[in-house]
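Every chain is numbered from 1 and lettered A, B, ... according to where its sequence line falls, protein lines coming before strand lines.
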Amino acid sequence: MSETIKLEPKLRETRWEPKLEEELLARWDSEKLYVFRKDSRRRLFLIDTPPPYPSGRPWHIGAAAHYTQIDMIARTARMMGYEVYFPIGIDRNGIPVERFVEREMKIRLTSLPREEFIRICSQTLDQLEAEMLWIMKRAGLSGDFENKYRTDSEEYRSLTQATFIELFRKGLIYRASRPNNFCPDCGTTIADAEVDYAEMPTDLVYMRFDLADGGEIVVASTRPELLGACRAVIYNSSDERYQHLDGQRAVVPIYGREVPIIAHSAARPEFGTGLVMVCSYGDRTDVQLFRELGLEEVILIGLDGRMLEAAGPLKGMTVEEARRRIVELLSSEGRVVKVEKIMHQVPICERSNTPIEIIPMEEYYLTQLSLREELLDAGSRMTFYPEFHRQLLVDWINSLKFDWPISRRRYYATEIPIWYCKSCGWPNLPPPGKYYRPWKESPPFSRCEKCGGGEFEGEERTLDTWVDSSISPLFISGYMRDEKFFRRAYPVALRPQGKDIVRTWLYYTLLRCYQLTGRPPFKSVWVSGMGLDEKGEKMSKSKGNVIDPRPVLEKYGADIFRFWCAQEASLGYDFRISEARIQAAGKFLTKLWNVARYVSQFPQPKGARLLPSDRWILSELSALIGEVLNGYKEYNFFIPATKVRNFLWNLFASHYVEMTKMRALGRTSNGQGARAAWYTLHTVLKSCLLLLAPITPFVTDYIWRTLYSERSIHLERFPRPRWDKSYTKYTERLVFFNSDVWRRKKEMNLSLREPIRISVPEELSPFREDLVAMHNIVEEG
RNA sequence: GGGGCCGUGGUCUAGCGGUAUGACGCCGCCCUCACACGGCGGAGGUCGCCGGUUCGAAUCCGGCCGGCCCCA
């Protein structure tokens with residue numbers, strides 16, 4: 001018998017064209033493939049997508065890779081049968097955009113009316129946001145773009161304020177005056193998490209101090225301008241040189257104040273002379289020493305970064321001017337022993353990159369220290385992918401030393417919702433649920449709740465931007481706005497994020513959500529590594545090694561980029577980004593395409609009587625599906641990408657397809673055999689497409705719709721490993737045998753089609769017919 | 001100063017208790033009717049260094065060296 005069928009591939013082009021992706025994007029859009037159905041009966045899977053910040057820096061390729069992987073998580077969850085909410089949010093509050101506007105327009109925050117400055121920031125954000133959204137869409141993110149949220153929207157900010165009001169009423173927010181990190185350049189207090197350290201060349205000044213009872217000592221300091229705030233000199237009790245100083249007093253040069261000399265472990269004998277002056281406040285250690293030793297602080301630096309009255313002859317100077325001047329003054333008194341150039345770690349503001357000062361200010365604080373144990377416990381109830389990154393969170397919680405100062409003296413951020421009574425000063429809070437701007441609005445009440453006074457002054461400060469970002473899981477799950485949904489959706493399924501913001505975003509979210517709900521905000525946390533440059537170094541504007549993702553997406557298309565992402569970055573580990581490797585990843589898509597093109601010429605029988613070769617590849621397919629699904633369960637896309645690639649290329653295409661080619665093309669007489677090959681070819685291809693769909697959504701959907709269904713592959717589930725795996729025992733032997741025949745033909749200078757005399761080993765006898773046809777074997781004997 | 005991760009052929013990478021995976025690059029042959037962004041074959045490493053555990057270590061333990069990242 002012979003079925004007369006004209007074999008014609010349904011895929012015509014010889015390779016996958018990235019241009020085809022754009023048609024698919026439009027199609028997905030119009031079909032509303034990825035819309036979240038809130039009332040679905042399926043199990044919910046909410047992803048607390050990191051709302052990226054359009055800060056003015058190019059959104060670099062590492063970020064695009066990161067969001068692409070998050071999209072793979074969303075697609076994975078859908079194919080596992082969840083109703084997935086993959087929200088698209090944009091973080092638009094806080095200092096970064098203000099700094100960007102100040103730099104670009106060469107203005108200061110305070111040089112424009114507040115309203116005007118806010119308007120400019122908002123417009124700037126719109127532009128930057130549009131670029132970012134283009135990248136996200138083009139990369140094939142299956143997020144809910146139609147309902148994207150912004151953290152500076154009325155709805156979001158009113159929720160931020162509502163949580164502030166709630167925590168204030170719970171007594172977890174308090175006002176206090178204490179030394180804080182202050183950035184004179186940004187003009188605001190910042191939190192520890194916003195402080196970076198930079199190694200800078202610094203002068204270490206060796207200064208001669210008199211002792212009150214005669215004699216002298218030499219004290220070294222990098223902050224001589226703080227001499228006027230020196231309240232003690234310390235040495236290490238193990239330091240042999242200074243045992244005689246115990247109980248003595250030193251006289252501070254220029255200022256003439258007598259201060260105690262105290263033994264303290266904070267003094268390092270090897271630094272400078274081993275004698276250190278303690279002043280308010282050179283660094284965080286000084287703050288602790290002042291507290292511990294009960295010293296009285298002297299404030300030398302004002303909010304404008306200039307020296308105050310107490311600085312005496314330095315008054316009015318900037319910190320740097322004062323540092324130069326004090327050395328001159330000391331020199332003229334013969335008190336400078338030497339000046340040493342050293343490399344010194346200087347605390348700087350992560351936004352402005354300028355040195356910070358520690359200045360006591362009155363700010364609002366959110367309690368965190370007293371919750372340490374509870375937070376550790378709540379954190380321990382979240383699953384981490386990979387587990388080893390849990391340590392980043394634990395270490396940070398254990399290292400907390402101060403409560404979180406949350407008020408900021410900036411404009412483009414959520415306002416602190418407080419009006420102060422003009423007669424008694426009492427802070428009056430409005431009811432939660434609305435967005436308040438106390439700096440320009442009158443309060444929604446008429447009487448002070450404390451004294452009944454009727455006149456108020458609105459708070460002008462805003463909140464740290466992390467106060468907003470830290471409630472994203474509450475925002476997306478309907479907290480305070482849709483209690484019914486909230487009960488089903490919270491804690492949300494997953495927080496995906498980079499390891500670099502564990503101490504900020506993850507920690508703050510845990511803190512705030514725990515305070516508000518008494519529960520951890522996530523069931524699981526997925527922590528990815530960082531995208532580094534070809535040399536393995538961090539990408540940064542200053543190094544000039546930043547890669548813009550847009551030209552890459554345009555040149556190679558999203559799927560090549562995505563497949564590269566998946567096979568390059570193993571879960572949680574840093575990965576290197578190079579265009580050559582992205583390009584190389586494209587080869588696999590060509591291979592996939594051509595395998596599909598070959599298979600596409602055959603009819604699709606519903607069933608068939610399988611031959612051993614067919615059973616063999618289906619055995620391997622079952623094993624593959626098992627491994628791949630395990631990778632997907634841990635959101636480790638490296639596993640599916642490399643396993644499918646290896647299977648499809650090195651087993652399916654190289655061996656199975658070649659073994660069955662004659663049979664499938666009808667060159668052997670047996671029509672049953674052809675059907676079996678067709679059935680198997682399609683089964684394997686379909687399964688591979690499904691297994692790759694979360695990683696390369698474009699090419700798989702294109703092939704799927706061309707060959708199998710009008711309906712998108714993205715509405716399907718993952719395949720199940722439903723074939724007997726016993727035939728995998730033949731794999732090694734088959735591969736070896738085929739290679740051996742190829743090698744021999746090569747040695748004999750035969751083309752692959754020419755006949756060869758060779759015997760098929762006994763162990764492979766089940767495959768004899770296919771192998772004979774494949775290699776054109778003339779059996780011996 | 002503390003913490004994390006890593007150190008495998010020229011480059012990158014898998015493996016994490018039984019003498020090493022794949023990619024890129026390189027060399028040679030081949031346009032074999034899915035694919036030359038392809039196929040086949042080949043050269044190339046003893047897994048940073050030292051010591052220990054073990055019948056056996058790239059794989060476990062300890063120390064050292066080097067790189068990267070984070071924190072103080």
- Task: Return no unless some side-chain N or O of Lys587(A) is found under 4.0 Å from OP1 or OP2 of C35(B).
- Result: no
- Message: Quick check on C12(B): is either OP1 or OP2 less than 4.0 Å from any side-chain nitrogen or oxygen of Ser578(A)?
- Response: no
- Length of the line joining Ile577(A):CD1 and C69(B):P, which is rounded to integer Å: 14 Å
- Have a look at His682(A) and tell me which of Trp704(A), Tyr598(A), Tyr708(A) forms a ring pair (Phe, Tyr, Trp, His ring centres under 6.0 Å) with it. Tyr708(A)
- For C5(B), take OP1 and OP2 only and decide whether either is under 4.0 Å from a side-chain N or O of Lys499(A). no
- Taking only residues two or more places apart in sequence or in another chain, which ones pass salt bridge (Lys or Arg N to Asp or Glu O under 4.0 Å) with Arg744(A)? Asp740(A)
- Closest-nucleotide ordering on RNA chain B, the 5'-leading residue of Val657(A) and Arg284(A): Val657(A)
- Would you confirm whether Arg663(A), through its side chain, and Gly673(A), through its main-chain N or O, come within 3.5 Å as a donor-acceptor pair? yes
- Answer yes when Asp500(A) and Lys538(A) have at least one side-chain N-carboxylate O distance shorter than 4.0 Å, and no when they do not. no
- C1'-based separation of A43(B) from G25(B) [nearest Å]: 13 Å
- Is RNA chain B part of any stem, that is, at least 3 consecutive Watson-Crick or G-U pairs with both distances under 3.5 Å, and where? B:1-7 with B:65-71, B:10-12 with B:22-24, B:26-30 with B:38-42, B:48-52 with B:60-64
- Task: Indicate whether OP1 or OP2 belonging to A34(B) is found under 4.0 Å from a side-chain N or O atom of Thr590(A).
- Result: no
- Message: Base, sugar-phosphate or nothing for Ala653(A)? Non-hydrogen atoms, less than 4.0 Å.
- Response: base
- Side-chain N or O of Trp649(A) closer than 4.0 Å to phosphate OP1/OP2 of G39(B): yes
- In whole angstrom, give me the gap between the C1' atoms of G9(B) and C5(B). 24 Å
- Centroid separation His655(A) to Trp742(A) less than 6.0 Å: yes
- Which of residues 741-748 of chain A have a heavy atom under 4.0 Å from RNA chain B? Trp742(A), Arg743(A), Lys746(A)
- Message: So, does Tyr573(A) get its side chain near the phosphate of C6(B), meaning an N or O under 4.0 Å from OP1 or OP2?
- Response: yes
